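In what follows, a structure is listed as structure tokens, so that the remarks can point back to it.
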Amino acid sequence: MNKHHRKVGLLMFSLFLFTLASAEEELFPVPEVLEPNVAFWKKVYSEVSTKQGLLHDRNNLAIIYDIVETSSPDDVEAVRERRKELEASFAIIQGKPESSWGDQERMIVELFEKHGSRDDLKGAANRIRFQRGQKERFISGIERSGMFLDTIRTILKAYDLPLELAYLPHVESSFDTEAYSKVGAAGLWQFMRATGATFGMNIDYTIDERRDPIIATVGAARYLSNAYRILQAWPVAITSYNHGVNGMRRAVSQTGTNDFSVIVQNYRSRTFGFASSNFYASFLAAVELAENYQEYFPGVELMPKREFRSVTLDQYIRLDALISHLDIPIQEFRTLNPAIRPSGYNQQIHIPKGFTIHLPVSKTEQQIQTALVSIPDSLRSDQPLRPQYYRVRRGDNLNRIAARHGVTVRELARFNNITSINRIFAGQLLRIPPKYSPPTTVASATTETKPEEPEKPKKEPEEVSDSLQIASEMDEGPEIVPTTQKSEPTTHRVRVGENLNRIASRYGVTVRELARENNITQLNRIYPGQVLRVPGQVREEPEAVTHATEETEAVSDTLEKDTEEVTSEDKLSDTLRGIAASIAIIPDKTTSTIPTAFDVDDYQLDAVLSATGEYASVRVTLNETIGHYADWLGVSASDIRRLNNMGANSQISYNSTIRIPVSESNTLEEFAAARLEYHIAIEEDFFNRFDVVNFKERIVKRGENIWDIAKENDHPIPLWLIKKYNKDFYPSILIPGMVIQIPVVSEKE
């Protein structure tokens with residue numbers, strides 16, 4: 001090639017690179033107003049450790065007051081003290097002459113003069129915000145991204161989407177398939193349950209496909225494609241991933257444009273807060289760092305692409321049997337199959353027919369077929385099996401309950417996450433392992449290696465089970481051991497969530513007697529830690545049951561014998577009422593570990609069957625939608641709306657009553673099981689990732705709603721968690737002056 005041709009070639013290549021850069025800039029522009037925000041997030045992701053954080057101005061991210069060192073990610077004391085110092089400096093700036101200012105006051109004013117104006121100092125003390133550093137997490141995300149990027153890009157390409165969107169999980173999850181947020185978003189792409197189901201993911205007590213990187217990526221591609229079609233600008237479409245398509249529609253409508261630089265400066269909404277307005281800027285920062293990770297993070301290496309062999313099961317197979325017969329280390333199996341919920345490994349659930357598991361490529365098709373055929377009939381089934389539910393009664397112990405249901409103590413304890421340091425208690429709801437019916441066909445599976453072009457997942461409806469049995473006996477009153485004579489008042493320490501009615505019922509006295517004994521008037525209130533005197537008969541608490549070791553599988557019978565038996569005459573409408581009668585341990589703030597047992601009383605799971613038996617009435621509780629009811633009943637959402645004379649786009653609200661169609665004799669029982677498992681799964685997922693370590697009192701102010709309180713300080717917590725520790729609190733009813741116990745949450749290591 002001569003010199004002239006080489007020059008032409010270099011010119012054409014340079015023009016090609018310029019065209020690519022221009023095209024990328026056109027798709028993902030960086031408006032001047034967002035440049036400080038992008039620089040801020042690059043700093044957070046690449047320079048600031050998780051044991052550090054930035055104190056900055058909420059509105060102007062170019063104004064960073066200080067980098068605060070903390071002893072751990074949960075250490076807030078250093079942040080609190082530094083914030084107080086800054087607030088004091090703002091008071092000096094606003095109230096004293098400049099001649100009396102110190103170095104810190106001058107530093108603050110210089111920051112505002114450089115990146116804004118002195119006028120912006122007004123109200124700045126209320127805009128101090130702390131942002132935890134993310135450097136270690138971002139580096140881990142870079143490393144993990146190597147396992148998924150090729151597959152994600154293949155899927156994005158199939159949907160004709162920009163490949164830069166493959167870096168969005170850096171913002172959402174740091175490419176952690178088991179990522180789980182406080183408000184319930186899960187997986188690489190952090191889908192909420194309702195949104196995940198809308199975009200084709202199967203989510204139930206056994207399987208959560210939000211955690212499957214391929215299925216979730218297909219769902220994300222569908223979401224982003226739809227968002228761009230509606231909003232017609234990538235900055236707005238990407239922001240909708242945090243704020244919702246309808247939310248960004250309102251932003252476009254209010255500002256009259258889909259120019260994000262205009263929206264971010266002019267759109268005002270209570271829900272368009274710091275996270276939403278900064279989501280696009282954090283995405284741009286992630287793209288820059290990820291595409292140039294070797295420059296920003298020298299020495300970091302990507303993990304190898306995750307390869308596996310796909311196997312679709314044609315029977316229901318118990319999880320532990322599947323893993324042992326395939327001879328795969330359990331941790332490797334869990335890594336390859338994140339869609340199987342973590343609790344399933346303790347409970348040894350059955351993996352549903354039609355579910356696709358992923359196995360190491362070292363396993364041949366012949367080895368897989370041989371392993372599946374070798375699984376005993378007792379551990380396989382052609383039909384789906386739900387566990388039974390049993391409510392612990394006084395006098396019960398694990399040995400007796402296990403024998404009654406034909407399972408071992410070991411199985412029962414494992415199925416309910418029971419360890420030697422726990423106890424069972426009257427009213428506790430236990431899950432009984434299902435019994436397997438011998439299959440009518442020989443187990444087999446279809447196998448295939450991971451396709452280059454993943455197909456769009458299809459959500460197959462699960463078969464309904466008729467094997468659920470729920471104990472629906474009702475307590476007629478408090479369990480009280482008669483005493484031979486009137487005793488002196490005993491004492492009771494108030495626990496979080498308790499009220500006078502619950503305490504009085506527990507000890508068999510009236511609320512009036514309890515209030516009179518403690519000089520409680522209408523103007524007073526009880527509080528956690530308060531010691532109350534309980535008059536009259538003293539209730540003897542059942543002793544704790546020490547669970548059996550695996551060697552003996554025997555438990556001492558330390559509780560009184562309760563002769564109450566379950567009758568077969570329970571009405572169908574009592575099914576949910578029986579579940580709702582089970583209660584959990586009430587958290588005690590005086591203990592170092594706050595119990596997290598599931599309390600069905602939090603969820604209003606009662607149902608009333610109509611006289612004709614054609615429908616039942618249920619009260620809407622937290623996190624429920626018409627779509628959920630339709631799935632649990634196996635009907636369409638339009639069927640439910642039609643029964644309730646609702647419009648096509650109408651929604652249901654918390655604490656309202658709605659009718660659900662009941663077409664068969666066991667429909668309500670199936671509905672009860674699915675509804676219960678839905679709420680149990682949400683709590684299990686949360687407490688797998690987070691601990692409640694403390695509480696803080698929050699006094700409701702005029703004009704506030706519960707969503708404002710749940711989302712304040714950029715650290716949202718779910719409403720069900722607030723409800724769990726405020727038993728008499730109703731999210732739809734807030735009264736100024738009301739005191740709410742807000743759980744303080746810490747992420748587990």
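All figures in this text were calculated on a predicted structure; none of them were measured in a lab.
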Heavy-atom side-chain contact between Y603 and N623 under 4.5 Å
no
Does the Lys NZ or Arg CZ of R334 fall within the cation-pi geometry relative to Y345 - under 6.0 Å from the ring centre and within 45° of the axis?
yes
Taking all non-hydrogen atoms of both residues into account, name the closest pair between E332 and P360 and its distance.
OE2-CG, 3.2 Å
Carboxylate-amine/guanidinium proximity below 4.0 Å for D685 and R211:
yes
Rounded to the nearest 0.5 Å, what's the gap from CZ on R380 to CG on L313? Could you check?
11.5 Å
Go through L622 and K723 one step at a time and tell me if the side-chain contact (heavy atoms from CB on, under 4.5 Å) criterion holds.
CA-CA 9 Å; L622 295 169; K723 174 64 176 170; 4.0 Å; yes
Just so I know, are the side chains of L188 and D176 near enough to count as touching, which here means a heavy-atom distance under 4.5 Å?
no
Passes side-chain contact (heavy atoms from CB on, under 4.5 Å), L359 versus F308? Steps please.
CA-CA 5 Å; L359 305 175; F308 50 78; over 6 Å; no
Tell me which one of V692, N694, V693, D691 satisfies side chain to side chain contact (heavy atoms under 4.5 Å, CB included) with P743.
V692
H325 and I375: which non-hydrogen atoms are nearest, and at how many Å?
CG-CG1, 3.6 Å
Going by an N to O cut-off under 4.0 Å, is there a salt bridge joining R341 and E684?
yes
Ignoring hydrogens and angles, tell me if any N or O in the side chain of Q369 forms a donor-acceptor pair with the backbone of Q366 under 3.5 Å.
no
Answer yes or no: is there a side-chain heavy-atom contact under 4.5 Å between I142 and H170?
yes
Taking K748 for the side chain and F687 for the main chain, is one N or O donor matched with an acceptor at less than 3.5 Å?
yes
Is R675 salt-bridged to E624, going by a charged N under 4.0 Å from an acidic O?
yes
Would you tell me whether W189 and S173 have side-chain atoms, one donor and one acceptor, within less than 3.5 Å of each other?
no
Taking R210 for its side chain and G196 for its backbone only, find out whether a donor-acceptor pair lies under 3.5 Å.
no
Between V620 and Q604, what is the shortest heavy-atom contact and its length?
O-NE2, 3.9 Å
I328 to I323 - nearest heavy-atom pair and separation
O-CG2, 3.2 Å
Distance-minimising heavy-atom pair for V300 and E143:
CG1-CG, 3.7 Å
Ignoring hydrogens and geometry, is there a side-chain-to-backbone donor-acceptor pair from R309 to V361 under 3.5 Å?
yes
As a quick check of understanding, evaluate side-chain contact (heavy atoms from CB on, under 4.5 Å) for V745 and K182, giving each step before the final call.
CA-CA 8 Å; V745 176; K182 294 185 183 73; 3.9 Å; yes
Under a 3.5 Å distance rule, please check whether N337 uses its side chain to pair with a backbone N or O of H358 as donor and acceptor.
yes
Could you grab the distance from atom CD of Q367 to atom CG of D327, nearest 0.5 Å is fine?
9.0 Å
With rounding to the nearest 0.5 Å, note down the distance linking CZ in F191 to CD in E172.
9.0 Å
Residue from F671, W632, Y629 passing ring pair (Phe, Tyr, Trp, His ring centres under 6.0 Å) with Y678:
W632
Within this structure, what is the OG1-CE distance for the pair T195 and M201, rounded to the nearest 0.5 Å?
8.5 Å
Going by atom types alone, do T312 and T356 pair a side-chain donor with an acceptor below 3.5 Å?
yes
Test your reading of the model: is there a side-chain donor-acceptor pair from S374 to the backbone of A371, 3.5 Å cut-off?
yes
Would you call R689 and E747 a salt bridge, taking side-chain N to carboxylate O under 4.0 Å as the test?
yes
Please examine the side chains of D212 and I207, heavy atoms only from C-beta on, and report whether any two atoms are closer than 4.5 Å.
no
Of the non-hydrogen atoms in A186 and Y180, which two are nearest, and what is the gap between them?
CB-CD1, 3.8 Å
Contact between L379 and I317 at the side-chain level, heavy atoms closer than 4.5 Å - yes or no?
no
So, are K363 and E307 salt-bridged, with charged N and O less than 4.0 Å apart?
no
N/O donor-acceptor pair under 3.5 Å between N726 side chain and Q741 backbone:
yes
Between W720 and T621, is any pair of side-chain heavy atoms under 4.5 Å apart?
no
Out of curiosity, D314 CG to K353 NZ, how far, rounded to the nearest 0.5 Å?
8.0 Å
Between atom CD1 of I152 and atom CD1 of I214, what is the distance when rounded to the nearest 0.5 Å?
9.5 Å
E136 and S140: side chain donor to acceptor below 3.5 Å
no
Note, F175 side chain near M147 side chain (heavy atom, < 4.5 Å)
no
With a 4.5 Å limit on heavy-atom distance, are the side chains of L372 and L322 in contact?
yes
Counting N and O atoms only, with roles assigned by atom type, does the side chain of E209 sit under 3.5 Å from a partner on the main chain of N202, one being a donor and the other an acceptor?
yes
Does the side-chain contact (heavy atoms from CB on, under 4.5 Å) test come out yes or no for L224 and Y241, once each step is laid out?
CA-CA 8 Å; L224 291 165; Y241 204 85; 3.9 Å; yes
K135 side chain to T50 backbone, donor-acceptor under 3.5 Å:
no
Are the side chain of R144 and the backbone N or O of S174 linked by a donor-acceptor pair below 3.5 Å?
yes
